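Within every chain, numbering begins at 1; the chains are lettered A, B, ... in the order of the sequence lines, protein sequences first and strands thereafter. Quantities reported herein were computed from a predicted structural model and do not represent experimental measurements. Every heavy atom of this structure was used, including side-chain atoms; hydrogens, water molecules and symmetry mates were not.
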Amino acid sequence: MLDTKFIREHTERVIQNSSAKHAQPDIPGFVRLDERRRAIIQEGQDLKAKRNTVSDEIARLKKAKENADQRIAEMKIVSDTIKHLDEELRGIEEQMEHIALFVPNITHTSVPHGKDASANIEVRRKDGINPCEGEKGFRKDHATLAKEHGIVDFERGAKISGSGFPLYTGKGARLERALLNFMLDRHTLHNGYTEVFVPFLVNAASMRGTGQLPKFADDMYACADDELYLIPTAEVPITNIYRDDILTSAELTKKHCGYSACFRREGGSYGKDTRGLLRLHQFNKVELVQFAKPEDSYNQLELLVGEAEGILETLGIPYRTILLCDGDTGFSSAKTYDLEVWSPAEQKWLEVSSCSNFEDFQARRANIRYRPEPSAKPEFVHTLNGSGLATPRLVVAILEHYQTEDGRIRIPDALQPYCGFEWIGEK
RNA sequence: GGAGAGGUGGGUGAGUGGCUGAAACCAACGGUUUGCUAAACCGUCGUACUGUGCAAACAUUACCGAGGGUUCAAAUCCCUCCCUCUCCGCCA
């Protein structure tokens, strides 16, 4: 959410930025409502001030056993007027909020302009680290490999829940767990994150705090009877840990990582991208979340991207890092880098991480603040997050890059201690 | 799920209709003093919005879990909801 004052004072910029992000909120309407709102507040405050002083007078009169009926009658009318003003004000603020919740975050000046992914900028690429040689005829795609080795049972997953709910079996389940443990250990032991294990169902206030609601309601699974939502990412519960809190300057930058299952409806996305593990309704992810001072946040974003890249480097998977243009940058984000791994079978880059600086956009919604100095006024923190990383496409990359000519799959060195085996498949 | 108790400022905690935005204590911050990892004393010490002002600041208003209601006037009375604690039941 943007600051009302900011929208009022930078109306043109907000309109342009919204349109770059393919959104058309009614900014002029918002500004008009804001004018009326402030007029009502002023009028209401004057009347309330009058009521307060006269009420004191009534108290004095009554104490002195004098008649106050005249004043009471006057104040009854004043109170009625106040009531009507408050009602109008509530209506206006509701309308304003309805508009404000759909205004996207302003992108950072370093973000390139463009209408879609074609304007994104590749900032780094690490290929040539393929441990099992280049693109050869023996290569099979991940779904075929997964079936042949019996490590993912898509059919039974579909029987249990539906398509997009994979059932990992045997070494596949072990590999999944190994990846998660490996990544969590790395972020907690080497990158200075404090681990959290979060609820997977959250309330509406949490979803609003991180920006999933109200705009993306259709993308989420909801438990209507309990007003709870299945999280699409651990970003939601982790960021909301400090909703309505005031942090101290000393505890920033605060870094949390956590595993969660992630649930996404992915409505209308059936097509070629849905093969195997490429796009799922439920998947596993380790998430990185940071709460930073405004002056540190962009430096922290670069560090966070590096931490996510470190996982791919250690696993020896070819990847590239993309800076998203404004038209491709998410609703809540001011600047986003995507990490993509190469799928030789798909001949495509697959997104495995999205690392963003939200500046104070989420913090304003979720009311997460800090005091720059012990007795200073609280200010909004900057929030950042990134996947570190999501497992399904990581498994895709491992299967496809680490398959050998004899049809087996070698486990990356760093994962072997976590897996307890070196190979998938018989020689 | 049933019964009871309770939710007040960073913390503890007083306050049952009008001089209470809220005592007291603790913490924190500033200062004085004592020459020493401390103590004493003095002072400051919630948040938001609106307005005036370049600003520091000042003024109004609102906020005592959330939302409604009663009243000239609500932390205080009434209703609904949420949460916490205790006991019982159930359960991994």
Protein-nucleic acid N or O pairs under 3.5 Å, nucleotides 56-60 of chain B:
from: U60(B); atom 1: O2; to: Q45(A); atom 2: OE1; distance (Å): 2.3
from: U60(B); atom 1: O2; to: Q45(A); atom 2: NE2; distance (Å): 3.3

Taking [atom1] from [X] and [atom2] from [N], how many angstroms apart are they, rounded to a whole number?
X       : N      : atom1 : atom2 : result
R37(A)  : A48(B) : CZ    : P     : 14 Å
D244(A) : A48(B) : CG    : P     : 13 Å
E43(A)  : C49(B) : CD    : C1'   : 17 Å
I72(A)  : G18(B) : CD1   : P     : 15 Å
K50(A)  : A62(B) : NZ    : C1'   : 20 Å
D34(A)  : C49(B) : CG    : P     : 12 Å
I82(A)  : U71(B) : CD1   : P     : 15 Å
K377(A) : A55(B) : NZ    : P     : 13 Å

Does the ring center of F361(A) lie less than 6.0 Å from the ring center of F331(A)?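 Close enough - the centres of the two rings lie under 6.0 Å apart.
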
Check: H108(A) ring centre within less than 6.0 Å of Y298(A) ring centre: yes

Students often get this wrong, so: under 4.0 angstrom with heavy atoms, is R364(A) touching a base, only sugar-phosphate, or nothing?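 Counting heavy atoms under 4.0 Å across all strands, no contact is made by R364(A).
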
Applying ring-ring contact (aromatic ring centres under 6.0 Å, His included), name anything that partners H256(A), two or more places apart in sequence or on another chain. Y242(A)

Residue-phosphate contact under 4.0 Å: [X] side-chain N/O, [N] OP1/OP2:
X       : N      : result
R38(A)  : C49(B) : no
S79(A)  : A73(B) : yes
R369(A) : A48(B) : yes
K76(A)  : A73(B) : no

Between R364(A) (side chain only) and M1(A) (backbone N and O only), is there a donor and an acceptor less than 3.5 Å apart?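 Side chain of R364(A) to backbone of M1(A), a donor-acceptor pair under 3.5 Å: yes, one is there.
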
Under a 3.5 Å distance rule, please check whether T239(A) uses its side chain to pair with a backbone N or O of V236(A) as donor and acceptor. no

Which of residues 58-69 of chain A have a heavy atom under 4.0 Å from RNA chain B?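 By residue number: I58(A), A59(A), K62(A), K63(A).
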
Within residues 86-96 of chain A, the residues having a heavy atom closer than 4.0 Å to RNA chain B are R90(A)

Using the [atom1] atom in both, what is the distance from [N] to [M], to the nearest Å?
N      : M      : atom1 : result
C83(B) : A28(B) : C1'   : 29 Å
U34(B) : U8(B)  : C1'   : 40 Å
C81(B) : U86(B) : P     : 23 Å
A62(B) : G67(B) : P     : 15 Å
A75(B) : G21(B) : P     : 8 Å
G15(B) : G68(B) : C1'   : 25 Å
U16(B) : C78(B) : C1'   : 14 Å
A3(B)  : A23(B) : C1'   : 35 Å

How long is the straight-line distance from [atom2] of [Y] back to [atom1] of [X], given to the nearest 0.5 Å?
X       : Y       : atom1 : atom2 : result
T188(A) : K255(A) : OG1   : NZ    : 11.5 Å
R393(A) : R279(A) : CZ    : CZ    : 5.5 Å
E43(A)  : L85(A)  : CD    : CG    : 4.5 Å

Return the set of residues passing side-chain hydrogen bond (donor to acceptor under 3.5 Å, both in side chains) with E9(A) (not counting sequence neighbours), or none when no residue passes. none

Excluding sequence neighbours, so at least two apart, what forms salt bridge (charged side-chain N to carboxylate O under 4.0 Å, His left out) with D413(A)? R410(A)

Checking K254(A) now: which residues fulfil salt bridge (charged side-chain N to carboxylate O under 4.0 Å, His left out) with it, not counting sequence neighbours?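 Scan of K254(A) (salt bridge (charged side-chain N to carboxylate O under 4.0 Å, His left out), adjacent residues dropped) gives E251(A).
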
Any idea which of A48(B), U50(B), A73(B) is nearest the S55(A) side chain? A73(B)

Among the candidates C72(B), G69(B), U50(B), find the nucleotide nearest to the side-chain atoms of I41(A). U50(B)

Please list, pair by pair, any protein nitrogen or oxygen found under 3.5 Å from a nitrogen or oxygen in nucleotides 26-31 of chain B.
none

Sequence neighbours excluded, which residues qualify as side chain to side chain contact (heavy atoms under 4.5 Å, CB included) partners of F421(A)?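 K171(A), R174(A), I411(A), C419(A), I424(A).
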
Residues in side chain to side chain contact (heavy atoms under 4.5 Å, CB included) contact with C262(A), at least two apart in sequence or another chain: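 Listed in chain order: S260(A), F283(A), K285(A).
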
For nucleotides 78-82 of chain B, list the nitrogen or oxygen atoms of the protein found under 3.5 Å from its nitrogen or oxygen atoms, one pair per line.
none

Should the pair H10(A) and F6(A) be assigned to parallel (<30°), tilted (30 to 60°) or perpendicular (>60°) ring geometry?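 The arrangement is parallel - the two ring planes meet at less than 30°.
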
Under 3.5 Å for both pairing distances: what stems, at least three Watson-Crick or G-U pairs long, include RNA chain B? B:1-7 with B:82-88, B:10-12 with B:24-26, B:28-32 with B:40-44, B:46-48 with B:61-63, B:50-52 with B:57-59, B:65-69 with B:77-81

Given side-chain contact (heavy atoms from CB on, under 4.5 Å), test F182(A) with L184(A) step by step and report yes or no. CA-CA 6 Å; F182(A) 159 70; L184(A) 284 168; over 6 Å; no

Is it true that the side chains of T253(A) and Q290(A) contain a donor and an acceptor less than 3.5 Å apart?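 There is no such pair between these side chains.
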
